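Given the structure is predicted, the values throughout are model-derived calculations rather than measurements.
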Amino acid sequence: MTLRCALLVCIGLLAGSTPARASPFDVDLALVLAVDVSYSMEADEQQLQRQGYVNAFLQPALVAAIRSGPIGRIAVTYVEWGGSAAQVLPWTLIDGTGSARQFSEALQREPMRRISFTSISNALAFSRKLFPLSRFRGVRRVIDISGDGPNNSGVPAPVARNSTVAQGIVIDGLPILLPRRDAESIPDLDAYYENCVIGGDGAFLLKISDTRAFAQAILAKLIVEILGPNVARLQRSETAVRPVAAQTGYNCFVGEEMQERRIGQ
């Protein structure tokens with residue numbers, strides 16, 4: 001079964017349900033999209049990444065996934081991060097084609113930015129603080145974090161991960177492994193995200209290893225996140241979506257060690 005067909009089958013199975021009675025502020029999912037804009041990302045890669053999110057919220061499959069939930073709506077906010085983080089778009093209710101399009105158009109209008117350093121830990125700390133500031137109450141709370149390098153600033157990534165997961169927040173990952181080598185990249189970034197970044201019930205990652213895959217990967221990952229952890233498990237045998245599978249002894253301080261060596265040169 002292809003990724004597209006598998007996702008559409010899952011949407012079809014769930015779409016017949018009637019939305020549950022809920023307050024106007026209850027949502028199936030409160031989702032923080034935490035997107036890497038550090039200088040290790042090339043400008044054209046950042047543009048492809050941004051356009052991937054812009055296009056995703058225009059797709060009928062994504063709207064169908066949202067509408068298939070028990071409540072039938074989600075809340076989303078968009079964050080960009082490097083060594084620091086900024087909330088680019090506020091918490092936004094998405095309950096159909098119109099609101100999804102408005103979110104897409106608002107994101108399209110935002111200027112591109114770049115931020116020095118790579119602090120996954122700061123991005124997670126910043127993102128988790130946004131949930132209590134939202135008027136929306138998510139049945140599930142998820143931080144979807146993308147990145148092309150390991151943590152090299154702030155507290156170690158596992159510390160921020162553990163603090164986030166302890167609050168009942170799930171962290172999913174979108175590691176970007178493009179075919180280049182520079183001072184800030186590691187060849188097994190997907191393993192780093194598995195062992196040091198993602199966590200919580202149903203957490204998963206989907207890696208990008210080709211610039212042509214940005215749009216498809218972003219859309220697929222968003223749909224799986226919206227449909228929930230049970231659907232995510234169904235897809236893992238058919239897609240690049242992977243669950244948490246931590247390896248004993250993995251070095252989660254590789255980014256800090258690389259940064260220390262650069263400073264010492």
Side-chain angles (χ1 to χ4, degrees), residues 31-41 45 49 79-85 115-131 140-178 180-209 217-218 221 224-225 229 232-233 236 239-263:
L31 176 64
V32 177
L33 299 175
V35 179
D36 183 4
V37 296
S38 62
Y39 277 88
S40 59
M41 292 278 291
E45 294 165 2
Q49 180 177 230
V79 169
E80 291 182 336
W81 64 275
S84 59
I115 304 174
S116 300
F117 295 104
T118 300
S119 183
I120 295 172
S121 57
N122 183 70
L124 292 175
F126 181 90
S127 296
R128 70 172 177 259
K129 291 176 183 177
L130 296 178
F131 290 106
R140 293 182 292 120
R141 295 178 296 163
V142 174
I143 299 172
D144 177 341
I145 186 164
S146 71
D148 73 339
N151 190 80
N152 63 22
S153 178
V155 304
V159 175
R161 175 200 59 199
N162 294 346
S163 297
T164 303
V165 171
Q167 296 181 23
I169 300 167
V170 174
I171 306 166
D172 295 331
L174 189 71
I176 301 168
L177 294 91
L178 298 178
R180 68 168 186 267
R181 292 290 297 164
D182 56 43
E184 298 181 3
S185 65
I186 57 175
D188 61 343
L189 185 65
D190 51 342
Y192 176 86
Y193 263 66
E194 255 184 313
N195 288 274
C196 313
V197 179
I198 67 175
D201 183 36
F204 68 96
L205 66 82
L206 197 162
K207 69 178 181 179
I208 295 177
S209 53
I218 288 170
K221 188 166 185 292
V224 173
E225 279 172 332
R233 291 189 192 96
R236 285 171 184 153
T239 73
V241 171
R242 284 162 44 188
V244 178
Q247 303 170 14
T248 302
Y250 188 90
N251 180 16
C252 287
F253 302 97
V254 59
E256 289 84 355
E257 291 172 358
M258 292 165 60
Q259 180 74 357
E260 189 173 296
R261 286 195 295 270
R262 285 195 296 272
I263 293 172

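Nearest heavy-atom pair across Trp81 and Gly147 is CZ2-CA, 4.3 Å. The nearest pair of heavy atoms linking Ser119 to Gly83 is CB-O, 3.6 Å. Here the closest heavy-atom approach between residue Gly200 and residue Val165 is recorded as N-CG2, 3.7 Å. Taking both residues in full, the closest heavy atoms of Asn122 and Ser84 are given as ND2-CA, 3.4 Å, listed atom of the first, atom of the second, then distance.
Side-chain atoms of Leu205 and Pro175, non-hydrogen and from C-beta on, do get closer than 4.5 Å to each other. The side-chain heavy atoms of Leu174 and Lys207, taken from C-beta on, include no pair separated by under 4.5 Å. Within the 4.5 Å cutoff, the side chain of Tyr193 has heavy atoms near those of the Ile120 side chain.
Exactly one of Val197, Ile143, Asn151, Ile171 qualifies for a side chain to side chain contact (heavy atoms under 4.5 Å, CB included) with Arg161. That residue is Ile171. Screening Leu33, Ile145, Leu130 against Val79 for a side chain to side chain contact (heavy atoms under 4.5 Å, CB included) leaves a single residue, Leu130.
Atom-to-atom distance recorded for Leu189:CG and Ile176:CD1 is 8.5 Å, nearest 0.5 angstrom. Note: Ser38 OG to Ile115 CD1 = 9.0 Å, rounded to the nearest 0.5 Å. For the atom pair OG1 of Thr164 and CG of Leu124, the computed distance is 5.0 Å after rounding to the nearest 0.5 Å. Here the CD1-CZ distance, from Ile169 to Arg141, works out to 4.5 Å after rounding to the nearest 0.5 Å. If you take CD1 on Ile208 and CG on Asp190, they are separated by 12.0 Å, rounding to the nearest 0.5 Å. To the nearest 0.5 Å, the span separating OH on Tyr192 from CZ on Phe253 amounts to 9.0 Å.
Side-chain contact check for Asp36 and Ser146: no donor-acceptor pair (N or O, by modelled atom type) lies under 3.5 Å. Under the 3.5 Å distance criterion, with hydrogens and angles disregarded, a donor-acceptor pair is assigned to the side chains of Asp188 and Tyr250.
Among residues two or more places apart in sequence or in another chain, the ring-ring contact (aromatic ring centres under 6.0 Å, His included) test is passed with Phe131 by Trp91.
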